[in-house]
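Single-structure report; data block below.
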Amino acid sequence: MSHRFNSRGRLNSFGRFNREEQMQSSASGYGRPYSQRPRHPPGLKGKEIGLFYRNLNREKKKEQPTLRLSPHIEQKIKTILNNSKSFYSSIFDERCNSEYDDKYQHIHDSQFKRKFLEIINGNIEHNLVKAISMEVKLQRNSNMDTILLNEYKDKQIQDNYLNMLKFRQKLPVYHKKSEILQLIKDNQVIVISGETGCGKTTQIAQFILDDQLEAGNGSITRIICTQPRRISAISVAERVAAERTEKLGKSVGYQIRLEKIPTREQGSILFCTTGILLQIMKTDPALKDFSHVILDEIHERTTESDFIITLLKQVIPKRTDLKILLMSATLNSERFSKYYNECPMIHIPGFTYPVQEFYLEDVLSLIQFRFPEAESTVYRKYGKAQRERYKEKVHKKEDFFDIIQPYIQQLRAEVKYAEHVLSELRNPNSENLSLELIEKLVRYICNNKQPGAILIFLPGMMDISQLNKMMLESGCYPPNKYIIYPLHSRMPTIDQKLIFKEPPDDIRKIIIATSIAETSITIEDVVYVIDCGKTKLGRFDIAHNIQTLNPEWVSLANAKQRRGRAGRVKSGECYHLYSKAREMTFDQYPLPEMLRTRLEEVILQIKMLQLGKAKEFLASIMDPPDLKAIDLSLNLLRTLNALDEEEHLTPLGYHLAHLPLDPRTGKMILWAALFSCVEPIFAIAASLTFKDAFYCPLGKEEEANKKKLELSMGEYSDHIALAEALRRFEVARRRGNAGQFCREYFLSFNTLKLLSEMKIQFAQYLYEMKFLNSDNPGDKNANRNSNNVALIKTIVCAGLYPNIAVIRRASKNGIFSWTPEDGSVRTHPSSVNCKASNFPSQYLTYFTKQRSTAIYLHDTTCISIPILLFTGPNISIKREKGKYIINNFNLSENIICESQTAEVIQELQHALNCLLEYKITHPATVLWSSFEGQILNAIIELISQEDREMGYNKEDIYYSSD
Ligand code: CDP
Ligand code: MG
């Protein structure tokens, strides 16, 4: 079924509430339509306009409007509530809260209940013991051993295989083959380190498999090898299958989210992402289906790999026959060995060709370049205070000048560089990323150097697309001589695979990449590396409870990896775009991801694997996260009602932990199933967790924003635009003109395609969990309310709560709003609400709040008060001085509520909570013909009342011009 928003969906989406009633209720004096509210007199300018609205505001505050339902609706809701009361009291009053064991007495016996209680009462040790006593797939089968051995022998006389073998035998790792195999035999855990490209990933799993096949152990050998990224899992599996002259799906396969080619169950190697291994461990904690686990690229210290390393420590003593191999690039491998009780390490000396290094000072000697001037004069001209502020701005904590001055003096003494080079080095702008400099350098290499691919490292996606565009538009890189590939982990897998192909002889390949090309991907023909020295690191600022994403200097380890990329096929060159002096300030290693992210998902995993209290488990990780970060995430999980006070999973938490989603978006898709509006909410949830499909072509920002605004259909919502983009894409795809649609709306075809697939995956999960009757997200029964925009906003807000901001004022530069934690925040320029005016309400809900140059809300939806009433757990109505007050939303506002209305809302809130709790604990779809459907319909009716009905003080937003 294809649902459709109409821009006034909330008025005609339910027939029983007609326009006439609307008019009546408007006429009864609460909530004038906004169009009738006073606007500022013409002729006012700038500040005057702001003042006009501010005064108006003050007036308004004196006569605060009262929230009141129309008598008609009120009556209807009351009837529904009365009908359903007996049901809830019969279920929920039986329940006894005192004893933990009895806490879930009210849940009827079901598979869900048994599994849930097992999880909250179980513990990993017990599970491991139990798992080990159960039967395994890896049973010795002599017949199969012989078949597998003969198959392997046959291979060894094939020309293809032998040709490949010749290549393989040249890899440095080959010389260590027997040593590695012996170490594995003698130890349960070993650490293997070696230069990128020495053959760890492609060869070691094969060494083990072949050795076992030869020994007649094929039937009891199954190797799983994890990769930190989707693309490496696929490309490595393909490569290994090719080396074995097989198609994928026999002895080699891969599994990543949404894509897999399984292997045979015995005598095989499965490459997968780290997330998949974690998923497997939830049902098979003892990893009974595997004989060997290889954790690859552990030096990257992703949250998932750190988690698994910790978890495996508990599995090892119980499964003494399981072999564990930790593989890393040549950095810091001792730490892993130490963590595993000083397990043996083996190092594979790499073979790479020499790489000549150039620093910024050398680059500036090679090409004429001037950094933008202005700011260094500021430095000279102004006083100390300004200088201090300026220094802080450009260089954060370290002092650029303290580093560079002595260095320049030293260079001058050595007379190695021309004066103009030194003067450029002295300019603080020399430490800002300059795409112009990079482009000039690329051109220099192309014109003056031998053939060979160029690999450019940039911090982020935006920089990559800007440089790409700059190069294409310069006309200096005609397609008959150059082929340029942007490479980013968020790009779809198909595009990424092209990059490995070697171009024809007279074409130079230029790859513009992020740090993804540092270790996990080997692009053979690279001879020249340009390293900007920066990388974008997501960090979680605990003190401010906010996510940040800023380019930072790389660590020495990263820089070394980048350099190494140039020496794969012959001697190469690496151009660092920072001075040697700057390099001295680099950290040795990058900070583990676990110390820079929010921990909600990690905590849910801890609970699902029954690892006990979050703090205890997290304390046993190699580099444990800050206690305060753990507390913040525990609190959010409690706010979402995913954990109870004792830190046990709640039934909701249990479901959320099963979904491969952030718990907030997980909550959204659960609600979507219950409220029957699956298509749009799944689209939004997929976009928020994966990535949205909008891209912003340089120079066409305005046009792209307009198109996005069009997709938001006047609803003041980025989330509605996300849903509508995918809806229209799917329609266009059926008609065969999706490509054109994507170009017209500045959307990525590949991303939309993946989002579409994710929707199906969500439906499959919820179908398995029994919240949907079909695994088709387009099913009619799952979409009866998909065209109700107010409902969609409500569900988005329910997932995102307590992420609410209050709009304070609009200016030329966008909307300024207020959040309790950060005070004033801005709306990101890419949001449809950035330049909006005449908001129907002053509340915004948002998913991402991030600090970069300022604190920005990236995606927002304007929500009305009735919507807020049903989304936050701590929104209550209380009686104060004879009036009913809806208080807080964690915000400062109080809203006065008419007493009858207050009563009805409170009862409805209660009924919703009971209904949700009932459904969550008795997974099934809503019976729309019963009181369940009536309660939900009552809520839908209430929230769908146009903001004009129950809206509130739009003019609280006053306009100023700054
Ligand atoms: O894991 P490590 O960095 O040690 O090396 P690898 O990924 O096993 O790659 C070893 C060699 O196999 C590379 O140097 C490439 O020559 C080749 N290879 C390839 O041709 N295609 C791939 N997809 C992966 C590796
Ligand atoms: Mg590797």
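Atoms within each ligand, like the ligands themselves, are counted from 1 in listed order. Side chains are part of it too, since the values below use all heavy atoms of this structure and drop only hydrogens, waters and symmetry mates.
Atoms CD and CZ, from E195 and R568 in turn, are 9.0 Å apart once rounded to the nearest 0.5 Å. Rounded to the nearest 0.5 Å, atoms OG (S178) and NZ (K185) are 9.5 Å apart. Atom CG of residue L326 and atom CE of residue M345 lie 11.5 Å apart, to the nearest 0.5 angstrom.
Proximity to E195 (heavy-atom distance under 4.0 Å) selects the following atoms of ligand 1: 4 (O). Close contacts between ligand 1 and S235 involve ligand atoms 23 (N) [criterion: under 4.0 Å to a heavy atom]. Annotation for ligand 1: atoms under 4.0 Å from non-hydrogen atoms of T202 are 6 (P), 8 (O), 9 (O), 10 (C), 25 (C). Counting atoms of ligand 1 from 1 in the listed order, those under 4.0 Å from a heavy atom of E524 are 13 (C), 14 (O), 15 (C), 16 (O).
Taking distance alone, with nitrogen or oxygen atoms compared against 3.5 Å, C198 approaches ligand 1 more closely than that limit. Considering backbone and side-chain atoms alike, G197 places an N or O below 3.5 Å from some N or O of ligand 1. For ligand 1, the polar-atom distance check finds no N/O of L171 at less than 3.5 Å from any of the ligand's N/O atoms. Taking distance alone, with nitrogen or oxygen atoms compared against 3.5 Å, T201 approaches ligand 1 more closely than that limit.
Proximity of T196 to ligand 1 is established by a heavy-atom distance of less than 4.0 Å. Heavy atoms of R568 come nearer than 4.0 angstrom to ligand 1 in at least one pair.
Contact annotation: S232 places no N, O or S atom under 2.8 Å from the Mg ion (ligand 2).
Side-chain N or O atoms of N468 include none that pairs as donor or acceptor with a backbone N or O of I464 at under 3.5 Å.
R239 forms a cation-pi arrangement with F167, by the criterion of a distance under 6.0 Å to the ring centre and an angle within 45° of the ring axis. By the 6.0 Å and 45° rule, K313 stacks over the aromatic ring of Y339.
No hydrogens or angles considered: nothing links the side chains of R562 and S515 as a donor-acceptor pair under 3.5 Å.
Relative ring orientation between Y161 and Y152 is described as perpendicular, the plane-to-plane angle rising above 60° on a 0-90° scale split at 30° and 60°.
Of the listed options E297, K200, Q206, K170, K200 places a heavy atom closest to atom 4 (O) of ligand 1.
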